[in-house]
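For ligands, and for the atoms within them, numbers begin at 1 and follow the listed sequence. All residue numbers in this chain count up from 1 along the given sequence. Note that the structure is a prediction, hence the values are computed from the model and not measured.
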Amino acid sequence: MGELSPELMDKLTKVCLCKGIPRSTMKKAILEGADTLEKVRKATGAGSGPCSGRRCTPKILELLENQGKA
Ligand code: FES
């Protein structure tokens with residue numbers, strides 16, 4: 001794992017498991033101006049799966065806190 005770039009890890013790591021949306025997509029949305037949970041959900045489609053965002057919401061909030069820096 002140590003040889004994978006952060007960019008690749010972002011592509012491989014799914015934030016929204018229901019919809020299979022990777023962290024790279026979330027970060028892109030945040031960097032493009034989605035500054036609230038609602039906006040990130042709208043821009044990416046996250047949170048609309050069978051779990052209604054129960055699993056991905058905490059991860060999205062964490063990314064928002066870090067403003068795409070993490
Ligand atoms: S993990 Fe995102 S809606 Fe279920």
Side-chain angles (χ1 to χ4, degrees):
M1 285 306 241
E3 287 172 31
L4 298 178
S5 69
E7 287 79 15
L8 188 55
M9 285 305 296
D10 280 351
K11 281 194 186 125
L12 294 174
T13 306
K14 306 294 183 224
V15 170
C16 181
L17 299 169
C18 293
K19 309 291 267 185
I21 305 169
R23 193 162 63 205
S24 54
T25 302
M26 305 294 176
K27 282 192 184 180
K28 188 163 176 280
I30 293 170
L31 291 174
E32 285 174 355
D35 54 4
T36 64
L37 176 63
E38 247 352 276
K39 287 186 199 172
V40 174
R41 281 183 166 188
K42 228 178 183 170
T44 63
S48 58
C51 84
S52 305
R54 231 176 314 131
R55 290 184 292 178
C56 54
T57 296
K59 291 183 255 177
I60 295 171
L61 287 175
E62 198 179 310
L63 285 170
L64 275 168
E65 257 171 50
N66 295 316
Q67 285 297 332
K69 276 179 267 148

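Close approach of ligand 1 to Gly49 (heavy-atom distance below 4.0 Å) involves ligand atoms 3 (S).
Using a cut-off of 2.8 Å, one finds that Cys56 contributes an N/O/S atom close to atom 2 (Fe) of ligand 1. For Cys16, the nearest N, O or S atom to atom 2 (Fe) of ligand 1 falls under 2.8 Å.
To the nearest 0.5 angstrom, Thr36 atom OG1 is 10.5 Å from Ile60 atom CD1.
Under a cut-off of 6.0 angstrom, the local environment of NZ in Lys28 is sparse, with at most 12 non-hydrogen atoms contributed by other residues, nucleotides or ligands.
Proximity of Ala46 to ligand 1 is not established, as no heavy-atom distance is less than 4.0 Å.
In terms of protein heavy atoms, atom 1 (S) of ligand 1 is closest to Leu17 N, 3.2 Å.
Taking 4.5 Å as the limit, every side-chain heavy atom of Arg41 sits out of range of all side-chain heavy atoms of Cys56. Between Arg23 and Met9, some side-chain heavy-atom pair lies under the 4.5 Å cut-off.
Hydrophobic clustering places Leu61 together with Ile21 (ILVMFWY residues linked when any side-chain heavy atoms are closer than 4.5 Å, directly or through intermediates).
Selection from Ser52, Gly47, Cys51, Gly53 by nearest heavy atom to atom 4 (Fe) of ligand 1 gives Cys51.
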